[in-house]
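Worksheet for the structure shown next.
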Amino acid sequence: MTSNDSTNAPSQPGHVRTVVVPAAGLGTRFLPATKTVPKELLPVVETPGIELIAKEAAAAGATRLAIITAPKKTGIMGHFDKHPELEETLAERGKTEQLDRVRAVDGLIDAVAVEQERPLGLGHAIGLSEQVLDDDEEAVAVLLPDDLVMPFGVLDKMIEVRKQYGGSVLCAFEVDPEDVSKYGVFDIEPSDDPDVKQVKAMVEKPDVEDAPSNFVATGRYLLDRQIFDALRSTKPGKGGEIQVTDAIESLIEQGHPVHIVVHHGARHDLGNPGGYIRACVDFALRDDTYGPSLHRWLNKRVAEENALDSFEETFQEN
Ligand code: UTP
């Protein structure tokens with residue numbers, strides 16, 4: 001665990017002190033890897049997803065990272081622990097670059113564990129974080145570690161929107177209308193602002209023709225503290241899990257303002273192998289060490305694949 005003296009600094013209006021990272025899920029889409037390795041520790045190039053999230057939280061000014069962990073996913077917290085033997089060995093061998101990478105999490109943020117004994121849903125996981133909040137924290141941010149939203153900065157915008165309208169603020173992406181059925185879709189009030197809209201309701205994975213918009217939910221939430229009361233009175237929904245969207249719905253019904261910030265940028269779903277591979281390729285292509293040779297290799301490999309496709313087409317035609 002790292003420590004940071006500013007953890008208990010007085011809460012400023014519009015400042016978010018705690019970021020909650022729900023990481024107690026089973027990761028079934030990534031089995032068998034996730035039988036023993038938490039998906040949050042899988043590296044994007046060389047940095048585990050949980051470290052990318054910690055950096056995003058720290059960049060938004062948060063000083064506490066409340067990681068919701070499962071009893072068997074102990075390695076996640078270990079990533080934030082000091083490793084003196086490793087550091088000594090790296091220093092002795094003059095491996096300064098690697099030493100800097102190991103130390104990148106030191107003092108970054110105060111990582112605290114909250115155990116979720118059983119995976120009873122994202123809403124249940126978020127609800128557990130209330131125990132680590134200080135009394136003066138009026139809102140909490142939730143970042144899902146398997147959702148990479150790039151570039152960093154959307155949380156700052158969400159904090160600004162909460163300052164203006166109060167209530168809770170969620171991050172949204174605009175997708176092609178034919179893709180909406182894969183996502184939670186926002187029903188929004190019409191507005192002139194292309195990037196900030198008030199939410200009337202949320203619809204989980206609607207048919208394309210029933211979708212109220214093509215603005216869909218991502219893994220970034222800025223939730224007013226009232227969310228904890230709403231979660232307490234939320235009954236288990238789909239799959240017996242407590243869904244955070246049900247709690248947000250009930251807040252909207254009570255007249256609590258909920259807005260979305262539309263993010264323009266890239267997004268990667270690290271929770272499934274297809275999205276994870278894309279994230280690795282995307283990050284590696286931007287990397288000075290790995291990018292140039294990966295680019296050349298990918299071009300060659302794609303050309304081979306295209307040649308094979310056209311050979312097969314010609315073969316089938318004849
Ligand atoms: P997901 O449904 O994407 O993750 O939950 P999962 O359950 O680990 O993955 P699959 O679907 O089985 O492959 C979104 C986030 O919420 C956390 C997960 O760890 C993930 O970061 N979560 C989910 C919890 O912390 N607790 C839960 O009970 C459920």
Side-chain angles (χ1 to χ4, degrees), residues 18-44 47-57 64-80 111-133 140-149 155 170-173 181-184 202 204-205 216-223 227-228 231-232 234-248 267-279:
T18 304
V19 163
V20 177
V21 184
L26 295 174
T28 54
R29 288 166 294 164
F30 239 119
L31 284 167
T34 45
K35 188 176 162 197
T36 52
V37 182
K39 69 178 168 187
E40 297 77 12
L41 290 181
L42 296 176
V44 179
T47 308
I50 192 72
E51 186 174 321
L52 297 173
I53 286 286
K55 285 181 175 153
E56 182 177 347
R64 181 190 291 125
L65 199 68
I67 304 178
I68 316 299
T69 57
K72 290 215 163 182
K73 291 176 85 173
T74 47
I76 299 178
M77 296 314 294
H79 187 71
F80 294 91
V112 295
V114 178
E115 193 167 280
Q116 186 187 30
E117 275 178 39
R118 285 188 298 134
L120 297 176
L122 177 58
H124 180 259
I126 294 171
L128 293 173
S129 69
E130 191 181 17
Q131 59 191 283
V132 302
L133 301 187
V140 70
V142 177
L143 307 186
L144 299 193
D146 47 13
D147 210 346
L148 275 188
V149 176
L155 204 48
L170 314 177
C171 174
F173 265 80
S181 47
K182 291 187 255 172
Y183 300 97
M202 288 179 75
E204 220 24 71
K205 301 186 177 160
V216 303
T218 69
R220 299 289 177 275
Y221 309 74
L222 176 56
L223 300 170
I227 194 70
F228 296 108
L231 283 166
R232 268 187 283 279
T234 300
K235 301 258 174 315
K238 215 171 124 209
E241 296 188 341
I242 295 180
Q243 308 288 347
V244 68
T245 44
D246 290 344
I248 294 172
R267 180 190 182 191
H268 291 297
D269 178 3
L270 301 182
N272 74 79
Y276 173 78
I277 291 166
R278 279 187 208 172

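Position 1 is the first residue of the sequence, and the numbers go up from there. Every number for a ligand or one of its atoms is a count from 1 in the order of the listing.
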Check whether any side-chain heavy atom of D147 sits under 4.5 Å from a side-chain heavy atom of R267, and report yes or no. yes

Once rounded to the nearest 0.5 Å, what's the spacing between atom CG of D246 and atom NZ of K235? 11.5 Å

Side chains of I67 and E40: closer than 4.5 Å at any heavy-atom pair? no

What protein heavy atom is closest to atom 9 (O) of ligand 1, reported as residue, atom name and distance in Å? K39 NZ, 3.2 Å

Distance to 0.1 Å, residue and atom name: give those for the protein heavy atom nearest to atom 16 (O) of ligand 1. L122 CD1, 3.6 Å

Could you tell me if the side chain of I242 sits less than 4.5 Å from the side chain of L231, heavy atoms only? yes

To which of N272, T28, I67 does the heavy atom nearest atom 12 (O) of ligand 1 belong? T28

Quick one, L155 and L143 - any side-chain contact, counting heavy atoms below 4.5 Å? yes

When rounded to the nearest 0.5 angstrom, what distance separates CZ in F173 from CZ in R220? 9.0 Å

Strictly inside 4.0 angstrom of atom 3 (O) of ligand 1, do you find any protein heavy atom? yes

Closest protein heavy atom to atom 17 (C) of ligand 1, given as residue, atom name and distance to 0.1 Å: P22 O, 3.6 Å

Counting non-hydrogen protein atoms only, what is the nearest one to atom 1 (P) of ligand 1? Give residue, atom name and distance. R29 NH2, 3.9 Å

Are V142 and I227 side-chain neighbours, meaning at least one heavy-atom pair lies under 4.5 Å? no

So for ligand 1, is L144 a polar contact partner (N or O within less than 3.5 Å, distance only)? no

Going by the atom numbers of ligand 1, which of them fall below 4.0 Å from some non-hydrogen atom of E40? 19 (O)

Between K39 and R29, is there a side-chain heavy-atom distance shorter than 4.5 Å? yes

Might you point out which heavy atoms bring L270 and P145 nearest each other, and give the distance in Å? CD1-O, 3.8 Å

Can you tell me the protein heavy atom closest to atom 24 (C) of ligand 1 and the distance? G25 N, 3.5 Å

Within a distance under 4.0 Å of any heavy atom of A125, pick out the atoms of ligand 1 and give their elements. 24 (C), 25 (O), 26 (N)

Side-chain contact test, heavy atoms from C-beta onward, threshold under 4.5 Å: evaluate it for T74 versus T69 and give yes or no. no

Just to confirm my output: which protein heavy-atom neighbour is closest to atom 28 (O) of ligand 1, and how far is it? G121 N, 2.7 Å

In terms of residue, atom name and distance, what is the protein heavy atom nearest to atom 26 (N) of ligand 1? Q116 OE1, 2.7 Å

Pull out every atom of ligand 1 sitting under 4.0 Å from any heavy atom of P119, numbered as shown with elements. 28 (O)

I'd like to check which ligand 1 atoms, numbered from 1 as shown, lie under 4.0 Å from a non-hydrogen atom of L120. 28 (O)

Which part of I68 is near ligand 1, with near meaning a heavy atom under 4.0 Å away: side chain, backbone, both or neither? neither

Numbering as shown, the atoms of ligand 1 that approach A23 to under 4.0 Å (heavy-atom distance): 19 (O), 25 (O)

Protein heavy atom at shortest distance from atom 8 (O) of ligand 1: G27 N, 2.8 Å

Just which atoms of ligand 1 are under 4.0 Å from any heavy atom in P145? 21 (O)

What's the verdict on ring-ring contact (aromatic ring centres under 6.0 Å, His included) for F30 and Y276, showing C-alpha distance, side-chain angles and the deciding distance? CA-CA 10 Å; F30 239 119; Y276 173 78; 5.4 Å; yes

Which is it for R118 and ligand 1 at heavy atoms under 4.0 Å: side chain, backbone, both or neither? neither

Less than 4.5 Å apart, side chain to side chain, heavy atoms only: is that true for V20 and Y221? no

